[in-house]
Amino acid sequence: MVSGCSKRDNVAEQRQDVAEAQTEARQETAEARQEEQRDIADTQRNAQEEIAETHREANEEIASAQEDVRDEQKDLNEAQRDLNEDLATGGSGAAGATMAATSVQGRVLSTSGDSLTLVDTTNNRQLKLKTNDQSRILQDNRAVKVKDIKEGDQVRASYVQDGKDMVVRELSVTKAVTPTNQ
């Protein structure tokens with residue numbers, strides 16, 4: 001009987017060893033999965049940080065390029081203004097003024113007294129033009145006054161820089177706004 005008991009004890013010990021080994025294997029598997037999940041989360045977080053950094057750098061480069069374009073446009077405008085002033089003051093009489101004239105096509109935003117504001121259709125820039133006694137303003141080949149020009153009219157104008165003012169030499173209404181029926 002002693003040998004039967006010892007075999008039973010031996011089988012029980014082996015079962016207990018197997019159960020412990022299974023428990024240990026389950027625990028090691030769970031720890032490995034947790035480690036794997038941490039690694040995946042770390043990798044995803046690092047990838048997101050890299051994407052965000054790349055996005056920030058791209059935005060900074062775009063902003064810098066836009067600033068460079070604005071600076072170049074400002075320099076170009078200043079050079080054009082200087083050239084117009086030089087031509088206007090360096091020429092003799094009407095010939096100098098004609099050489100310094102700049103042309104623009106646009107849509108009238110508003111008129112007020114002897115001036116009008118328009119949007120240049122080539123570069124979407126807003127301009128305020130002034131008129132004087134020498135300004136020719138035409139609509140359908142007839143002379144008109146600034147007050148006859150309506151908001152929305154399409155115009156073509158040539159002007160010269162006179163100090164800070166842009167003075168109209170000639171302005172033609174190329175397409176008048178048609179009144180709506182009420």
Side-chain angles (χ1 to χ4, degrees), residues 43-182:
T43 301
Q44 288 175 338
R45 186 173 36 257
N46 290 340
Q48 288 172 344
E49 288 173 0
E50 287 178 20
I51 290 169
E53 179 63 26
T54 301
H55 189 67
R56 273 192 297 277
E57 289 172 359
N59 284 341
E60 288 172 5
E61 288 177 18
I62 290 168
S64 177
Q66 288 173 336
E67 187 176 339
D68 291 346
V69 168
R70 282 191 299 272
D71 290 344
E72 291 297 326
Q73 185 65 45
K74 182 180 174 186
D75 292 346
L76 177 62
N77 290 341
E78 289 174 7
Q80 183 67 43
R81 187 171 38 251
D82 292 346
L83 177 62
N84 287 345
E85 288 175 4
D86 289 347
L87 291 173
T89 58
S92 59
T98 301
M99 288 175 52
T102 302
S103 295
V104 63
Q105 289 186 336
R107 181 177 47 84
V108 175
L109 294 176
S110 64
T111 61
S112 174
D114 66 344
S115 64
L116 62 133
T117 303
L118 60 94
V119 173
D120 182 343
T121 54
T122 59
N123 62 15
N124 207 28
R125 189 175 60 139
Q126 189 170 325
L127 301 171
K128 183 170 184 176
L129 302 176
K130 294 196 175 208
T131 62
N132 61 20
D133 294 339
Q134 281 73 45
S135 299
R136 275 184 46 175
I137 303 172
L138 303 171
Q139 183 171 354
D140 297 327
N141 292 322
R142 292 187 335 247
V144 294
K145 303 217 179 277
V146 172
K147 66 180 181 173
D148 298 322
I149 299 173
K150 304 292 181 232
E151 178 181 333
D153 283 353
Q154 299 290 322
V155 297
R156 180 177 53 243
S158 63
Y159 64 91
V160 293
Q161 196 73 37
D162 185 11
K164 291 185 179 182
D165 296 330
M166 292 178 274
V167 180
V168 171
R169 288 293 166 234
E170 185 171 319
L171 182 134
S172 297
V173 176
T174 58
K175 184 176 180 185
V177 172
T178 55
T180 57
N181 294 340
Q182 295 181 354

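Counting begins at 1 with the first residue of the sequence. Excluded from the calculations below are hydrogen atoms, water molecules and symmetry mates; all remaining heavy atoms, backbone and side chain alike, are included.
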Undergrad: Given 3.5 Å as the limit, does a donor-acceptor pair link the side chain of Ser64 with the main chain of Glu60, or not?
TA: no
Undergrad: Would Glu49 and Glu53 count as a side chain to side chain contact (heavy atoms under 4.5 Å, CB included) here? Give the steps.
TA: CA-CA 6 Å; Glu49 288 173 0; Glu53 179 63 26; over 6 Å; no
Undergrad: Rounded to the nearest 0.5 Å, what separation is found between the CG atom of Asp114 and the OG1 atom of Thr131?
TA: 4.5 Å
Undergrad: What is the minimum heavy-atom distance between Thr111 and Ile149, and which atoms define it?
TA: CG2-O, 3.7 Å
Undergrad: Whether the side chain of Asp120 engages the backbone of Thr122 through a donor-acceptor N/O pair (distance < 3.5 Å, no angle test) should be reported.
TA: yes
Undergrad: Begin with the C-alpha distance, continue with both residues' side-chain angles, and end with the deciding distance and a verdict on side chain to side chain contact (heavy atoms under 4.5 Å, CB included) for Lys74 and Arg70.
TA: CA-CA 6 Å; Lys74 182 180 174 186; Arg70 282 191 299 272; over 6 Å; no
Undergrad: Check whether the side chains of Asn132 and Ser135 place a donor and an acceptor atom closer than 3.5 Å, and report yes or no.
TA: yes
Undergrad: Under 3.5 Å, is there a donor on one side chain and an acceptor on the other for Asn77 and Gln73?
TA: yes
Undergrad: Quick one: CG on Leu118 to CD on Gln126, what's the gap to the nearest 0.5 Å?
TA: 8.5 Å
Undergrad: List the atom of Val144, the atom of Asp148, and the distance in Å for their closest heavy-atom pair.
TA: CB-OD2, 3.6 Å
Undergrad: Is the side chain of Thr117 donor-acceptor paired with the backbone N or O of Lys128 at a distance under 3.5 Å, no angle test?
TA: no
Undergrad: Could you pull out the closest heavy-atom pair between Gly106 and Thr121, with the gap in Å?
TA: CA-CG2, 3.7 Å
Undergrad: Please find the pair of heavy atoms, one from Val160 and one from Arg169, that lie closest to each other, and give the distance.
TA: CG2-NH2, 3.2 Å
Undergrad: Which atoms form the tightest heavy-atom contact between Gly152 and Val177, and what is the distance?
TA: C-CG2, 3.1 Å
Undergrad: Apply side chain to side chain contact (heavy atoms under 4.5 Å, CB included) to Val155 and Val173, showing your working.
TA: CA-CA 4 Å; Val155 297; Val173 176; 4.2 Å; yes
Undergrad: Which pair of heavy atoms, one from Arg136 and one from Leu138, lies closest together, and at what distance?
TA: NH2-CD1, 3.2 Å
Undergrad: When you look at Gln105 and Thr174, which way does the side chain to side chain contact (heavy atoms under 4.5 Å, CB included) test go after all the steps?
TA: CA-CA 9 Å; Gln105 289 186 336; Thr174 58; 5.7 Å; no
Undergrad: Please indicate whether Asp71 has more than 12 foreign heavy atoms, meaning atoms of other residues, nucleotides or ligands, lying under 6.0 Å from its CG.
TA: yes
